[in-house]
2 protein chains.
Amino acid sequence: MTPSDSPPEPTDATPEARERLLLAAEAAFAEHGYEGATVREITKRAGVNIAAVSYYFGDKERLYVETVKYAHSCATGGLPVPTPPPDATPVQLLELFIRELVRRMHAPARATSMQLVMREMSNPGKAAHVVVDEFVRPMAFALRERLRTVLPGLDEKRLLMTGFSVIGQCLFYRQNRPIAELIFGKDAVGVLDLEAVSNHVVRFTLTAIGHPPEGSS
Amino acid sequence: MTPSDSPPEPTDATPEARERLLLAAEAAFAEHGYEGATVREITKRAGVNIAAVSYYFGDKERLYVETVKYAHSCATGGLPVPTPPPDATPVQLLELFIRELVRRMHAPARATSMQLVMREMSNPGKAAHVVVDEFVRPMAFALRERLRTVLPGLDEKRLLMTGFSVIGQCLFYRQNRPIAELIFGKDAVGVLDLEAVSNHVVRFTLTAIGHPPEGSS
DNA sequence: GTTGATTTTAAACAAACGTTTCATTGCTCT
DNA sequence: AGAGCAATGAAACGTTTGTTTAAAATCAAC
């Protein structure tokens, strides 16, 4: 009958309707959440018939999971963990890692993708473990190992919290920018671009762990 | 007919049905969000008739706004901004402020209240500006002023980002605990209680801004 | 040009949604 | 007791939801 219940397979000859559906679903789910977004709105925005979601994905929930995966692959651009240059001190490695972290959070091109992924992370559903397994956990573990190298002898508990301090700083600008703009004004927050933020987080973090950068005023 | 469109007034003789409705709505909205929670589920959990939401609040949206306000007042316990002791150095004032911030984020008794408020903050809707105006903005401004006292001469941009670094650390444990548990295990994150977190955030922050506490190993 | 599979379409489905109606209850005054 | 008002109850309202149906359209292969 139809390739509905099991995905039509990434046979690489996937029709373009499927892709447009994913694109529209990404925007809708990112903006209104799973329950807030309707399949009618999604299919309308994608320019396909409403039955297409059943045809290509089976139902709304499987469309959502596939959309989160799709958004995640778009947001990360395929890069797993940033590859460090061979000759670099542990502190420099940590700094590069933080800059990469901030870059991924900010990347304006993939804003909606990131927004959807973040939404799923705030309220972990059936698609969360996929993103965690193949993206977040490797990043978190890599950060912890780099911190461990810089801070040998620190107990696991404080090591974990130090990592959370780094991630917390980075996540803030992604998760709470609307509120920050509501408090301090759109202009005041708008000037905090990628470079300003990453410079600040690097300086703040390195100073906090006892390895202040050179020109730390 | 009924006191529906305008609230029945806090005549202090408010019936107990209204309160139960708010309580049930708080839990439902916190767990499933605005669109995900249904008035049937709420009224069922509250043990009242479905028409009660129309009778007491007019419609679902006004119930939601009132619930967020209610949750906010519950979460903050009525305290506006922590009152500092008269004899305290600027750094001590900042430390006390951070500890208060962490305490408010953690407070397990008001967990659902805080969860609902945070959910509204992540996706600002019609109830966000109320919470921002009478709770978040005063806190944010107070934090900035205390940072300004400790760090005189720092330009506004970096002052803002320093505040975001503090808030970002505190928010992390509230907004991303489920994901953190998914990554590192429930046990590893569970041991990070209020005291451990506030001690860490204080030490991390004070060190980062060049005022390390005494016993900073 | 016809066959057969794949994709798209319009229409309909039952279920759940928020909301309203109206009758009924409980209570307080006179 | 009876009138007036606040509160509750059961049932239905019209929409919108996700999903399905079956016919029409598109396309490749023979």
Side-chain angles (χ1 to χ4, degrees), chain A residues 1-29 31-68 125-127, chain B residues 1-29 31-68 125-127:
Chain A
M1 182 196 294
T2 77
S4 67
D5 33 19
S6 74
E9 293 312 312
T11 144
D12 202 87
T14 46
E16 101 183 58
R18 209 184 105 106
E19 197 108 5
R20 272 184 304 163
L21 210 34
L22 282 173
L23 229 17
E26 182 182 60
F29 285 137
E31 193 170 355
H32 303 112
Y34 176 74
E35 328 253 10
T38 68
V39 306
R40 280 183 168 80
E41 174 203 350
I42 293 173
T43 52
K44 185 179 177 184
R45 202 194 301 208
V48 304
N49 189 273
I50 190 178
V53 41
S54 171
Y55 181 76
Y56 283 105
F57 299 94
D59 57 9
K60 184 187 181 184
E61 184 168 319
R62 269 173 289 187
L63 166 63
Y64 177 73
V65 175
E66 291 304 314
T67 304
V68 172
K126 312 205 172 175
Chain B
M1 181 197 291
T2 75
S4 66
D5 33 19
S6 73
E9 294 311 312
T11 145
D12 201 88
T14 45
E16 96 183 63
R18 210 184 104 105
E19 197 106 5
R20 271 184 304 166
L21 210 35
L22 282 173
L23 229 17
E26 183 183 61
F29 284 137
E31 192 169 356
H32 304 111
Y34 176 74
E35 328 253 9
T38 68
V39 308
R40 281 182 167 81
E41 175 203 350
I42 293 173
T43 53
K44 185 179 176 184
R45 203 195 298 209
V48 303
N49 190 273
I50 191 178
V53 40
S54 171
Y55 181 75
Y56 283 106
F57 299 96
D59 57 8
K60 184 188 182 183
E61 185 169 319
R62 270 174 287 189
L63 166 63
Y64 177 73
V65 175
E66 291 303 314
T67 304
V68 172
K126 313 206 169 171

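What you see is a predicted model, and the numbers here were worked out from it, not measured in a lab.
- Following rounding to the nearest Å, B/Leu63 (CG) and C/dC17 (P) show an atom-to-atom distance of 15 Å.
- With contacts defined as side-chain heavy-atom distances shorter than 4.5 Å, the pair B/Leu22/B/Phe57 qualifies.
- The base of D/dA7 has none of its N or O atoms less than 3.5 Å from a complementary donor or acceptor on the side chain of B/Asn49.
- Checked against side-chain hydrogen bond (donor to acceptor under 3.5 Å, both in side chains), B/Asn49 has no partners two or more places apart in sequence or in another chain.
- Whole-Å rounding puts the B/Asp59 CG to C/dT19 P distance at 5 Å.
- The CD atom of A/Glu19 sits 15 Å away from the P atom of C/dT7 (whole-angstrom rounding).
- The OH-P distance, from B/Tyr64 to C/dC17, rounds to 18 Å in whole Å.
- Of the candidate nucleotides D/dT8, C/dA11, D/dT21, C/dA11 has the atom lying nearest to any side-chain atom of A/Ile50.
- By the salt bridge (charged side-chain N to carboxylate O under 4.0 Å, His left out) test, A/Glu35 is found to be paired with no residue, residues two or more places apart in sequence or in another chain being considered.
- Between B/Lys44 atom NZ and C/dA16 atom P there is a gap of 12 Å when expressed in whole angstrom units.
- When each of D/dT19, D/dT20, D/dA6 is scored by its nearest atom to the side-chain atoms of A/Ser54, the top-ranked nucleotide is D/dT20.
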Practice task
Could you walk me through whether B/Arg18 and B/Leu21 pass side chain to side chain contact (heavy atoms under 4.5 Å, CB included), step by step?
Solution key: CA-CA 5 Å; B/Arg18 210 184 104 105; B/Leu21 210 35; 5.5 Å; no
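- Put simply, OH on B/Tyr34 and NZ on B/Lys126 are 8.0 Å apart, with the number rounded to the nearest 0.5 Å.
- One interatomic measurement links the two molecules: CD of B/Glu61 to C1' of C/dC17, which rounds to 15 Å at whole-angstrom precision.
- For the pair A/Tyr56 OH and C/dT6 P, the interatomic distance rounds to 12 Å; values are reported in whole Å.
- Note on A/Ala51: a base of the nucleic acid sits closer than 4.0 angstrom, heavy atoms only.
- Atoms OG1 and CG, on A/Thr67 and A/Leu23 in that order, are 10.0 Å from each other to the nearest 0.5 Å.
- Cation-pi check for A/Lys60 over A/Phe29 is not met; the charged atom does not lie both under 6.0 angstrom from the ring centroid and within 45 degrees of its normal.
- Taking every side-chain heavy atom of B/Tyr55 into account, D/dT8 is the closest of C/dT19, D/dT8, C/dT6.
- Contacts of residues 31-42 of chain B with DNA chain C (heavy atom under 4.0 Å): B/Ala37, B/Thr38, B/Val39, B/Arg40.
- Out of C/dT9, D/dA10, C/dT19, the shortest distance to the side chain of B/Lys60 is found at C/dT19.
- Protein atom CD of A/Glu16 is 16 Å distant from nucleotide atom C1' of C/dT6, rounded to whole Å.
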